[in-house]
Amino acid sequence: MPEPTTATASGTQLMADASPEPVLSLEDFLSRVYKDAHGRLPRQCRFFHVATDYYDWPYEQRARVMACPSTFHLCKTLVFENTKWKQDETKPVDADRYWCVIVQYEGSVNITKLEKAVREKTGSSRKGMHLRIAPAEKSHELTGFINNAVSPVGMKTDLPILISTAIAELSPPVFYLGAGHIDWKIALPVQSFVDNWNASVIDFS
C-alpha cells in the first residue's frame with residue numbers, strides 16, 4: 001500500500017495521494033467510510049489525503065492537488081432539517097425530517113426549489129415545510145462526522161440523499177467531497193453513486 005503524499009501550501013505543489021484505499025492508521029470513522037464505499041463500489045472510488053490547512057486554500061488549489069477536473073467538481077454534503085416537521089404516526093420516527101443534500105462549492109442551494117422537491121417526495125404542504133441547515137451538533141449525531149468532514153458515505157443514519165442536477169451533469173462524471181475526516185476526501189463516479197446510494201437527482205440550484 002503506498003504511503004500518502006500530502007499536498008503543501010508552500011514550495012512545490014505535490015499531488016495528493018490517490019490510493020484505492022486509505023492507510024491503515026485511519027480512525028474508525030474513516031474506516032467506516034472506506035467499508036461503505038468499497039462495499040458498494042468496489043474499485044470505483046479514490047481516497048485523497050490533503051493538508052491540514054486545505055480549507056484555507058482557494059478552490060483552484062484544492063482541485064489541483066487532487067487532479068480534480070475543475071473547481072465545479074468539488075462538492076460538499078449538508079444536512080437539512082424541516083423545522084416545521086411533525087411526526088406521522090404511520091411512519092418511522094423522524095422520517096422525512098432530515099435530508100442529506102450534496103451541492104457544488106461553486107454552486108448554491110435555492111431553498112424554494114429544494115422545499116418544492118421535498119414536498120413532492122413527501123406529500124407535505126407548504127405550511128408544513130421549512131428547510132434549514134441542521135445545527136452542527138445534530139448533523140454530527142446523524143452522520144457521525146464533524147463539520148468539513150460530512151460525507152454521504154458511511155453515515156450513521158440512513159438519511160435520504162438529494163444531489164444537485166449540476167453535479168449529475170458534470171463532465172467527466174465524477175465528484176469530490178468529504179470522506180468522514182477533515183484531512184481526507186473521496187472521489188466517486190456520479191451515476192454509480194446515485195444508483196448505489198439511492199440518491200435523488202434534484203434541480204435546487
Side-chain angles (χ1 to χ4, degrees), residues 1-9 12-23 26 30 32-51 54-78 99-110 113-114 117 143 145 148-155 159-205:
M1 182 185 306
E3 289 295 320
T5 301
T6 301
T8 58
T12 303
Q13 289 298 321
L14 302 177
M15 191 65 66
D17 177 58
S19 171
E21 58 183 307
V23 296
L26 290 177
L30 182 54
R32 188 173 75 238
V33 174
Y34 168 73
K35 181 178 180 180
D36 189 26
H38 282 279
R40 303 195 204 205
L41 293 179
R43 311 191 76 82
Q44 293 187 55
C45 50
R46 290 173 293 158
F47 285 85
F48 297 87
H49 187 212
V50 299
Y54 172 87
Y55 283 103
D56 295 329
W57 298 355
Y59 296 155
E60 292 78 7
Q61 187 175 356
R62 299 184 197 181
R64 185 165 61 248
V65 299
M66 294 188 290
C68 187
S70 78
T71 57
F72 293 97
H73 288 71
L74 298 172
C75 302
K76 58 185 173 181
T77 305
L78 303 170
W99 298 80
C100 174
V101 176
I102 305 173
V103 62
Q104 296 161 301
Y105 271 98
E106 295 276 22
S108 61
V109 176
N110 182 309
K113 287 185 176 181
L114 183 62
T143 66
F145 308 127
N148 288 333
V150 179
S151 178
V153 182
M155 289 191 295
L159 299 178
I161 299 173
L162 306 178
I163 186 169
S164 169
T165 54
I167 299 174
E169 295 169 354
L170 285 171
S171 180
V174 60
F175 67 115
Y176 297 65
L177 71 169
H181 187 285
I182 195 169
D183 294 340
W184 286 83
K185 309 303 166 195
I186 186 173
L188 296 160
V190 178
Q191 192 56 53
S192 295
F193 171 81
V194 169
D195 294 341
N196 286 273
W197 273 265
N198 195 31
S200 297
V201 177
I202 302 294
D203 177 12
F204 54 70
S205 59

Inset, instruction - Return the minimal non-hydrogen interatomic distance between Ile186 and Ala37, and the atom names on each side. - result: CD1-CB, 3.9 Å
Legend entry - Reported OG-to-NZ distance for the pair Ser164 and Lys113, which is rounded to 0.5 angstrom: 9.0 Å
Inset, instruction - May I ask you to test the Leu74-Cys68 pair for a side-chain heavy-atom distance under 4.5 Å? - result: yes
Legend entry - Distance-minimising heavy-atom pair for Ile102 and Phe204: O-CZ, 3.4 Å
Inset, instruction - Find the distance between CD1 (Ile182) and CZ (Phe145) and round it off to the nearest 0.5 Å. - result: 13.5 Å
Inset, instruction - Look up atom NZ in Lys76 and atom OG in Ser151, then write down how far apart they are to the nearest 0.5 Å. - result: 15.0 Å
Inset, instruction - Give the intermediate values and the outcome of side-chain contact (heavy atoms from CB on, under 4.5 Å) for residues Ile167 and Phe193. - result: CA-CA 11 Å; Ile167 299 174; Phe193 171 81; over 6 Å; no
Legend entry - Inter-residue atom distance Thr143.OG1 - Leu159.CG, 0.5 Å rounding: 8.0 Å
Inset, instruction - Assess Arg62 against Tyr105: is NZ or CZ under 6.0 Å from the centre of the six-membered ring, and within 45 degrees of the ring's axis? - result: yes
Inset, instruction - May I ask you to decide if the ring planes of Tyr54 and Trp57 are parallel, tilted or perpendicular, using 30° and 60° as cut-offs? - result: tilted
Inset, instruction - Answer yes or no: is there a donor N or O on one side and an acceptor on the other, between the side chain of Asn196 and the main chain of Ser192, under 3.5 Å? - result: yes
Inset, instruction - Working to the nearest 0.5 Å, report the span between CE of Met66 and NZ of Lys185. - result: 7.5 Å
Legend entry - Heavy-atom pair with the smallest gap, counting every atom of Gln104 and Phe72: NE2-O, 2.9 Å
Legend entry - Closest heavy-atom pair and its distance - Pro189, Gln44: CD-O, 3.1 Å
Legend entry - Smallest separation among heavy atoms of Leu170 and Val174, with atom names: CD1-O, 3.7 Å
Legend entry - Sidechain-backbone polar pair: Arg32 side chain, Gly154 backbone, donor-acceptor under 3.5 Å: yes
Inset, instruction - Classify the angle between the aromatic ring planes of Phe48 and Tyr176 as parallel (below 30°), tilted (30 to 60°) or perpendicular (above 60°). - result: tilted
Inset, instruction - First locate atom CD of Glu106, then atom SG of Cys75, and finally report the distance between them rounded to the nearest 0.5 Å. - result: 10.5 Å
Legend entry - Residue from Leu78, Thr77, Leu114, Ile163 passing side-chain contact (heavy atoms from CB on, under 4.5 Å) with Val103: Leu78
Legend entry - Side-chain donor or acceptor of His73 paired with backbone N/O of Pro172 under 3.5 Å: yes
Inset, instruction - Search all heavy atoms of Leu177 against all heavy atoms of Pro152 and return the closest pair with its distance. - result: CD1-CD, 3.4 Å
Inset, instruction - Please tell me if the side chains of Leu188 and Val153 come closer than 4.5 Å, counting only heavy atoms from C-beta onward. - result: yes
Inset, instruction - Using a strict 4.0 Å threshold on nitrogen-to-oxygen distance, state whether Asp36 and Arg40 make a salt bridge. - result: yes
Legend entry - Thr71 side chain vs Tyr59 backbone, donor-acceptor pair below 3.5 Å: no
Inset, instruction - State, with a plain yes or no, whether a side-chain heavy atom of Cys45 is found less than 4.5 Å away from one of His38. - result: yes
